[in-house]
Amino acid sequence: MQIFGALDSQNVVYTIAMAGHLSLTWLLAPIVCCLAVPVHAHHSFGAEYDTSKPILLTGIVTKIDWTNPHSFLYVDVKDDKGNVVNWKLEGYPPGVLYRTGWRKDLTVKVGDLVTVTGWRARDSTTLAHSREVTLADGKKLFFGPPAGTGDGGNTPAVEVK
Amino acid sequence: MTHSLRFLLLAAVAVLQLSVTAQTASRAVAKPTPKSLIPRSPDGKPDLTGVWQAGSTQRGNWEEANGDLGVGGTGRNPAAAATPSFNDRPADREAAPYQPWAAQKVLEAFNRRAIDDPSALCLPLGVPRLALLGLFPAQIVQTPKQIVILYEYMSVFRVIPLGATHPDDLLPSYMGNSVGHWEGDTLVVDVIGFNDKTWLAGAGTFHSDALHVVERYKRINKDRINYDVTIEDAKVLTKPWTLHSSMMLREGTRLEEYVCAENNLDPGQYEKLLKDGVKFTR
């Protein structure tokens, strides 16, 4: 897979060529990538996901796993050539989703159109960490924590000279 | 300057000084709280009963307090400051006083981006780490003879008998053995009997089985408990490590079930990263 990118301070557009048969256009949301604030969460985001690979995906929900310690949202994303790839998006556990405003089987259903912001897995698979989901009616809800959560932040607990 | 303006300025300065005092000095000095400010149990002690969110200073119910911050909230203002992750060192926190060899070990875990976090294996967080966790609520149930704390995260609990002493035949455990007593309006909880399998407060902050934790819970008004904790571990620290946090009342919030073993995929992901040689360390 090759990634071709153009970067500026406001918007980033990547064109992805995947194994020669799939291309996706990602419009990256700078407000998500740059204002990430650490919050409490399960375990390391930074090991699995890459904050330098923010994404914005629009597609059809195919499955939702309301499971601990993390839930997963599966979305079919179609590129401009009609090729479809199923993305797996990690997020909060069910209890946190409930307190965030999600209601199982009501807020989003299989077949719904959603737009999701997040960050790609370091291994460049179609696994990603989700942050904000925009529902078909325009309502926005967080599905996962900000980038970097749980990986130790910017400063170690100790000072080593 | 008119007399009334001067009075207003003096009053403002006094309020500011009081505010600063409340944020700092009073954390260490047990000052009597006006009885009318806090709910009390029939025995006259502050009543800590309720559902609480650690690591926050925002008043209101869960949605009101977390909506702007996006700490498990609706995130109306994603730019708002948020409370730090349990693996992050808050900006105002001093460095943990580890012995040099131990500090190196903590740094190595930080550089591995906390993949060795015991919670990634669904193990209990221990104390004080669980008491600092804000994404999940905790419920305090208070009686005259014991206090019980129920934590949503990992569905663990602590039973804290009041006026008791630690048993002398403790089995090492993740959450340790807690006993409490009242010092004025402050609940003081002494915790020993830990195993060495948890982290304290931040990525890699390991400890030994010599860990001794003293927590101080002081309800300063209807909405807030000041939480101060002192950590002692002569095997890894050079001196006691003291942390300050808070807990905010979240009326209307109920604890949800949290069965971590249900679908824990992350350890497998970490193994895959290591096996495939994917660069993720700092």
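All of these numbers come straight from a predicted model, not from anything done at the bench. Just so it is clear: chains get the letters A, B, ... in the order the sequence lines come, proteins before strands, and each one is counted from 1.
In this structure, the portion of A/Leu127 lying under 4.5 Å from any heavy atom of chain B is its side chain and not its backbone. Heavy-atom distances place the backbone of A/Asn154, and not its side chain, under 4.5 Å from chain B. Of the two parts of A/Tyr49, neither the backbone nor the side chain holds a non-hydrogen atom closer than 4.5 Å to a non-hydrogen atom of chain B. Proximity to chain A is limited to the side chain of B/Leu265, based on heavy atoms less than 4.5 angstrom apart. Neither the backbone nor the side chain of B/Arg250 comes within contact range of chain A; no heavy atom of the residue lies under 4.5 Å from a heavy atom of that chain.
Below 4.5 Å, heavy atoms of chain A meet heavy atoms from B/Leu273, B/Val278, B/Lys279, B/Phe280, B/Arg282, all part of residues 273-282 of chain B.
Your options are B/Arg113, B/Glu256, B/Arg112, B/Glu94, and the one with the most heavy-atom pairs under 4.5 Å with chain A is B/Arg113. When each of B/Val106, B/Asn263, B/Val259, B/Leu255 is checked for heavy-atom pairs under 4.5 Å with chain A, B/Asn263 comes out on top.
For the atom pair CD1 (B/Ile115) and CG (A/Asp151), the distance works out to 11.5 Å, reported to the nearest 0.5 Å. Considering OH of A/Tyr98 and CH2 of B/Trp62, their distance stands at 13.0 Å, rounded to 0.5 Å. A distance of 9.5 Å separates CG in B/Asn264 from CG in A/Asn68, rounded to the nearest 0.5 Å. Annotation: the span from A/His70 atom NE2 to B/Asp266 atom CG amounts to 5.5 Å, rounded to 0.5 Å. Note that CD of B/Gln269 and OG1 of A/Thr125 are 7.0 Å apart. Values are rounded to the nearest 0.5 Å. Separation of atoms OG (A/Ser44) and CG (B/Asp117) is listed at 8.5 Å; rounding is to 0.5 Å.
By the 4.0 Å N-to-carboxylate-O rule, B/Glu152 lies close enough to A/Arg99 to be salt-bridged with it.
B/Arg89 places a side-chain N or O within 3.5 Å of a backbone atom of A/Pro156 that can act as its donor or acceptor partner.
Of all heavy-atom pairs spanning B/Ala201 and A/Ala157, the tightest one is O-CB, 4.5 Å. When every heavy atom of A/Gly150 is checked against every heavy atom of B/Ala114, the shortest pair comes out as O-CB, 3.5 Å.
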Between B/Leu135 and A/Val96, does the side-chain contact (heavy atoms from CB on, under 4.5 Å) criterion hold? Intermediate values first, please.
CA-CA 7 Å; B/Leu135 186 59; A/Val96 176; 3.8 Å; yes

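Taking 4.5 Å as the limit, every side-chain heavy atom of B/Tyr258 sits out of range of all side-chain heavy atoms of A/Pro94. Under the 4.5 Å side-chain criterion, counting only non-hydrogen atoms from C-beta, A/Val158 is not in contact with B/Lys105.
Identified under the ring pair (Phe, Tyr, Trp, His ring centres under 6.0 Å) test for residues 100-134 of chain B, with sequence neighbours left out: B/Trp101-B/Phe206.
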